Structures are given as structure tokens and as C-alpha cells.
2 protein chains.
Amino acid sequence: MVRLREFDEEKALDAAMQLFWEKGYEATSLSNLTSKMGIQRPSIYSAFGDKKQLFEAALRKYTASHASYVRAKLQNHSSVREAFRSYFEGLVEEEYEGGPNRGCFCINTMVEVAPHDEKFEILTREHQMYLSVVFQETIERGIQSGELKNSISAKVLAQTLVVSLIGLTVVMKSRPERSFVDNSVSVILSLFNTSKPREQNDE
Amino acid sequence: MVRLREFDEEKALDAAMQLFWEKGYEATSLSNLTSKMGIQRPSIYSAFGDKKQLFEAALRKYTASHASYVRAKLQNHSSVREAFRSYFEGLVEEEYEGGPNRGCFCINTMVEVAPHDEKFEILTREHQMYLSVVFQETIERGIQSGELKNSISAKVLAQTLVVSLIGLTVVMKSRPERSFVDNSVSVILSLFNTSKPREQNDE
DNA sequence: AGCATATTGTACTGAACGGTATGAAATGAT
DNA sequence: ATCATTTCATACCGTTCAGTACAATATGCT
């Protein structure tokens, strides 16, 4: 049957993702979207549904890509401590290279949309939980190899690293002096040296 | 001369603050504002200027009030460690009591507005820097009293606490399991026990 | 070739947006 | 009491919003 789609759905979704990432949900209009995606309004609606559904598809694309980026980054070093150091410092470096200060799409959504829309509360939470698990597994790898003390609770440390990561990403949106974030990163990384955060209540 | 204003400017601004705090800048319309503030459109414009200016006034009111709240909270305990414990745990407790999940107005603005508007980049940054100084002074008080080791860099630790505070506030927007934040808080507070965060580069 | 089907571009919908013109109402000064 | 002045409520401005109707276009199947 019939006429086939003339545009690349993945490329169009990617353009939408970039736009929502940079401007957020409310501030991005359908006119913005059509021009950046290079397709007309009815094509968006037929391919992705309404604005909220398109936003969801864009966010899912982001989280999937971000998750695999983080996984790769952490597996890239044999030393676990080095892996996290490289990840955190790279994050800071990237944000201070100038450029448009987009931060993390998922975190932006957590702040702007999650409190008013349960679907996005769940979506963003699940991504953070996934990151936490990836961190935890990486830390456990370090414990098993003997690099890290086994007195460290991998899970609790991983959770704290996720919180710290979010804090760093958000604070950089106000472009503080670089020493501010650098100092924080070094303290956060020092958590790998200290003995054990005691686990509290956990399922 | 002449007719005097019939509404309480402070009460109206407070209502605007609540609304912007809960919904953000873009999602709050002038119709929302007029009904919540209890005054008509032209009264808003004559008293506060346009929407952006009203938003700025609301944010300034918030940061002033928040700053004095934090100062009071930290001075409330003779033990510095207890003061921070009470502050962080109170923050978590508050957010898990149900309610509308507004988080922190300044952090919300840092994410939604600061990247696209330099005035708000500066405003939000200055508030974080102020909090950092309040934290630092509190920590120094603890060092002088002998409660904390003087090997701790008060400044660097304060900066890290601000970052952690932001991370906690933001992650709670996705309503993670309580143990997640509780664990993180206990790790963050354990920073008071550890020896030295080394200071890096600082003016 | 011709029909059925899906996608395209154009143009439009009603509603909501931020912001304002205007005149009536209300006050203080004279 | 009158008048200048300011605030108030109503009603409106042009623009932009998200979403859609429709006709023209392009393809695959028979």
C-alpha cells in the first residue's frame, strides 16, 4: 500500500529531543518543533501523537542514550575510582566549555514536569534508580577487585553519588565559579576513601 | 493626593510567589495570577510591572525569606553537627509529608529560567553563594568550639553541602523511596566526621 | 493504467496568551 | 465643593497557542 513517509522518524525525534532539552516543555512551541524537525504539523501528530506524547518519546530516547553513555564511561577504566573521577570531572569540563548550558534533560524534566504529571514522575525516577544501580554495580566491581574497602556499602554510596551528580548538574546552571564545583567534586570523590556509610532502612 | 491602593501589596506578592513556586514561570498565566492574587490585571502591571518583573519580585521575596529561615535553623542548635542534621532531615521530612512537592523556588528557577536569562542566572547563583557562606560560618563556629576537627576546610565542606542540598531537593521531585534520600543524607552528614577535603583552587 | 491508501502542505479553528486603552470610582488638596 | 490625580473594573488588542479539516500529492497493489 501507498505513499511512504518522506522524513526520517529518528532524526525528527532527535531534533525534538534537542529542542525540549534546551528549552523545556512549556517554552517549546509546536512552531519551534516543526521548524527544527523539518516537518509539518500533521506529520508530527500522525507520527508521534500530541505534544506531551512527543515529549515523552524524546525523553525516552534521551534516557536510553544517556544510560548507555554512562555505562560505557564507567566501564572504560579498570580502576573504579578513576572511572568515577573521569565521569564527574568530564561532566564539569563539558559544562564549562561555554555552549548552551542544557544540563541533563531528565533532571530538567524532574523539576519542570514531574511534580505535575505522575507519568513523568515515574519516568524520571526510574532513570535515576537505573543510574543508581549502574553506579552500585561499578562500586561492587571495585570491592571485588580489592580496589575499594569492602566496608563500603555499594548501594548507599551509589545513591549518594546520584544525589551529588544531580546537585552538581543543577548548580552549574547558575554558572558558579569553577572552584566551587571542583571543590565539591573532590569531596564527593573522597567518599571512596572513607570507611563505611552505615546503611539505614532498605528493602 | 488621591485614591489609595485597595489591596495589600505584600499579600498579593506572596500569592504570586506561591503560584510561581508551584507552577514555574511559563506555566503560570496572568489569569492564574489575577485570581490567586485577588486583584485585576492592570493593578498587577501598575504595582509590579510585567510578568517577568513580578516573577523577579516574587523570587527575591522567596530568597530573602529562605535565607533568614536557614540562618535561624542553623543557629538554633549549639551543636553544629546537630544543626545540619536537623536541617537536612527536616527538609526530607517536609517533602515526604505529602503536599504539593514544590521543592525550592530558587532551584526551580535555576533549572527553568537561569539558562535563558542572565539576570536570573545571577540571582539564583548569588542565593546559592549566600547559603554557602552561611554554611561556612556555621562550620567555622563548630571548629572554633572544638566540636569539629580544624583539619576540615569549612569553605569546601560548605560548598559540598550546598551541592548535596540541591541534589536532595531535586531528586525528591521524583518521589524516590524514602530510604534512598535517608541513606544519602546519612552519608552527607558523615562528611563532618571524615578528616580532610583538600582545597583546590580558590580565590 | 487505475484504484485505494497514506502522507503531505496549506490554511484554518477556538481558545488562551501577555499586555493595554478607557472610563468610572474614589480620594486628598485647595 | 471642586478638581487634579490615581486606582479600579471591564473590555478589548493583536499574537500565539495546540490541534485539525481538507485537498492535493505520491506511492503500492491489482
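Just so we're clear, the structure is a prediction, and the values are computed from it rather than from any experiment. Naming: A, B, ... by sequence-line order, numbering from 1 per chain.
Looking at A:R41, its side chain comes within 3.5 Å of the base of D:dA18 through a donor and an acceptor atom.
Put simply, B:S43 has a side-chain N or O that comes within less than 4.0 Å of OP1 or OP2 on D:dC8.
A:W21 and A:F105 have parallel rings, their planes meeting at less than 30° on a 0 to 90° scale where 60° marks the start of perpendicular.
Residues B:T124 and A:K173 are not in side-chain contact: their nearest non-hydrogen atoms beyond the backbone lie 4.5 Å or more apart.
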Exercise. Between B:L33 and B:F20, is a side-chain contact (heavy atoms from CB on, under 4.5 Å) present by the stated rule, with each step listed?
Worked result: CA-CA 9 Å; B:L33 288 165; B:F20 280 129; 3.9 Å; yes

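Look at CD1 on A:I44: it is 11 Å from P on C:dG9, rounded to the nearest Å. Atom CZ of B:F7 and atom P of D:dT6 are 15 Å apart (whole Å). With rounding to whole Å, A:E9 atom CD is found 15 Å from C:dA6 atom P. Look at CG on A:D8: it is 16 Å from C1' on C:dT7, rounded to the nearest Å. Here C:dA16 presents its C1' atom at 13 Å from NZ of A:K51, a figure rounded to the nearest Å. In this entry the distance linking CZ of A:R5 with P of C:dT7 reads 5 Å, nearest Å. Nucleotide D:dC17 holds its C1' atom 13 Å from the NZ atom of A:K23, rounded to whole Å. Counting to the nearest Å, the P atom of D:dG19 and the OH atom of A:Y45 are 4 Å from each other.
Rounded to the nearest 0.5 angstrom, A:S46 OG and A:I39 CD1 are separated by 8.0 Å. Once rounded to the nearest 0.5 Å, the distance linking OG1 of A:T28 with NZ of A:K51 reads 6.5 Å.
Candidate nucleotides C:dG9, C:dG19, C:dT8 were compared by shortest atom distance to the side chain of A:Q40, and C:dG9 ranks first.
Salt-bridge annotation for B:E121 and B:R125: present, with a side-chain N of the basic residue lying under 4.0 Å from a carboxylate O of the acidic one.
For the segment residues 25-35 of chain B, residues with any heavy atom less than 4.0 angstrom from an atom of DNA chain C are, sorted by number, B:T28, B:S29, B:L30, B:S31.
Between the side chain of A:E22 and the backbone N or O of A:P100, no donor-acceptor pair lies under 3.5 Å.
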